[in-house]
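Numbers for residues simply follow the sequence, beginning at 1. Keep in mind that the numbers below use all heavy atoms, side chains included, and drop hydrogens, waters and symmetry copies.
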Amino acid sequence: MELIAVCYPELREKDHDFIQSIRKKYDENYPMIGPHFTLIFPTAAIDRQQFVDHCRRVCSDFRPFSILIRCALVNKFTRGDKWFAFLVPDEGFSHIVKLHDRLYTGILADELILEIPYIPHITMAQSKEAGVCKKVTDEFNERNFQIGGTVTKLDLTIFEPGKVMTFEKVELG
């Protein structure tokens with residue numbers, strides 16, 4: 001069992017459904033978890049209650065914020081052979097990065113993997129073939145689109161193979 005913190009942006013239904021239609025075809029995690037930004041990646045090194053307390057303290061210093069996504073990009077995972085198609089927010093980017101960085105202080109400081117750059121994103125696709133992810137991002141970027149939403153809370157989750165379950169929600173502010 002590993003602990004993760006994610007935020008599910010509050011999106012318009014049509015935007016959520018659009019993202020999900022792409023994820024259903026190209027993201028193997030589609031059945032486990034909805035469109036989200038990961039703030040704390042899987043860790044088994046922290047006690048669950050300490051994890052909750054730490055996240056509450058950090059989140060109390062952050063206010064809800066808006067996001068606006070206008071582009072997608074291809075990314076290669078540095079530890080493995082997978083490629084990804086990411087939706088990356090234009091607006092809200094710095095808020096997510098700052099929240100991520102603050103969460104990786106204190107009891108989580110040793111869990112931060114510095115050799116993997118943190119890019120706030122919603123995964124749309126993953127594949128061992130770069131061309132698949134490039135096709136998805138190109139199709140997305142050719143459209144004149146904007147996906148707006150709001151981030152108001154973190155979902156603290158348990159990750160087990162094949163399943164992600166929220167056990168606590170922590171409001172920002």
Check your understanding: So, for Met124 and Ala72, which heavy atoms are closest and what is the spacing to 0.1 Å?
Key -> CE-CB, 3.9 Å

**Study point:** Lys82 with Glu28: basic N within carboxylate O range, under 4.0 Å
**Key:** yes

Review point. Could you state the interatomic distance from CD1 (Ile107) to CG (Asp47), rounded to the nearest 0.5 Å?
Key: 8.0 Å

Exercise for review: Could you name each residue pair satisfying ring pair (Phe, Tyr, Trp, His ring centres under 6.0 Å) that touches residues 89-124, not counting sequence neighbours?
Suggested key: Phe65-His95, Phe86-His121, His100-Tyr104, His100-Tyr118

Review point. Can you get from Val97 to Val88 by hopping between Ile, Leu, Val, Met, Phe, Trp and Tyr side chains that sit under 4.5 Å apart?
Key: yes

Review point. Near Lys153 NZ, under 6.0 Å, is it more than 12 heavy atoms from other residues, nucleotides or ligands?
Key: yes

Check your understanding: Among all residues two or more places apart in sequence or in another chain, which pass the salt bridge (Lys or Arg N to Asp or Glu O under 4.0 Å) test with Glu142?
Key -> none

**Study point:** Distance-minimising heavy-atom pair for Ile69 and Pro89
**Key:** CG1-CA, 3.8 Å

**Study point:** Taking every non-hydrogen atom, the tightest pair across Ile158 and Arg48
**Key:** CD1-NH1, 3.3 Å

Can you list, pair by pair, the side-chain donor-acceptor contacts under 3.5 Å of residues 50-57, counting residues two or more places apart and other chains?
residue: Asp53; atom: OD1; partner: Gln49; partner atom: NE2; Å: 2.8
residue: His54; atom: NE2; partner: Leu103; partner atom: O; Å: 2.7
residue: His54; atom: NE2; partner: Thr105; partner atom: O; Å: 3.4
residue: Arg56; atom: NH2; partner: Glu168; partner atom: OE2; Å: 2.3

Review point. When clusters are formed by joining ILVMFWY residues with side-chain heavy atoms under 4.5 Å apart, either directly or through shared neighbours, do Ile96 and Leu108 land in the same one?
Key: yes

Check your understanding: Judged by modelled atom types alone, do Thr152 and Glu10 share a side-chain donor-acceptor pair under 3.5 Å?
Key -> yes

Exercise for review: Could you identify which residues cluster with Val74, counting Ile, Leu, Val, Met, Phe, Trp and Tyr as linked when any side-chain heavy atoms lie under 4.5 Å apart, either directly or through a chain of such contacts?
Suggested key: Trp83

**Study point:** Atom CG of Asp17 with >12 non-hydrogen neighbours under 6.0 angstrom
**Key:** yes

Check your understanding: Does a side chain donor of either Glu2 or Thr43 reach within less than 3.5 Å of an acceptor in the other side chain?
Key -> no

Check your understanding: Which atom names give the shortest non-hydrogen contact between Leu172 and Val151, and what distance separates them?
Key -> CD1-O, 3.7 Å

Study note, to complete from the structure: Contacts satisfying ring pair (Phe, Tyr, Trp, His ring centres under 6.0 Å) that involve residues 9-41 (not counting sequence neighbours) are Phe18-Phe140

Check your understanding: Between Arg70 and Asp90, which heavy-atom pair has the shortest distance, and what is it?
Key -> N-OD1, 3.1 Å

Check your understanding: Do you know which two heavy atoms are closest between Ile147 and Leu87, and how far apart they sit?
Key -> CD1-CD1, 4.4 Å

Practice item. May I ask you to check whether over 12 heavy atoms, not counting those of Lys25, lie within 6.0 Å of atom NZ? Key: no

Check your understanding: Is there side-chain contact between Arg102 and Asp61, with at least one heavy-atom pair below 4.5 Å?
Key -> yes

**Study point:** Under-4.0 Å salt bridge between Lys135 and Glu139
**Key:** yes

Exercise for review: Give a yes or no on whether a salt bridge exists between Arg12 and Asp15, defined as a side-chain N under 4.0 angstrom from a carboxylate O.
Suggested key: yes

Check your understanding: If you count the non-hydrogen atoms of other residues, nucleotides and ligands that lie under 6.0 Å from CD in Glu91, is the total more than 12?
Key -> yes

Revision key, fill the gap. Residues pairing under ring pair (Phe, Tyr, Trp, His ring centres under 6.0 Å) where one sits in residues 146-173, two or more places apart or in two chains, turn out to be none

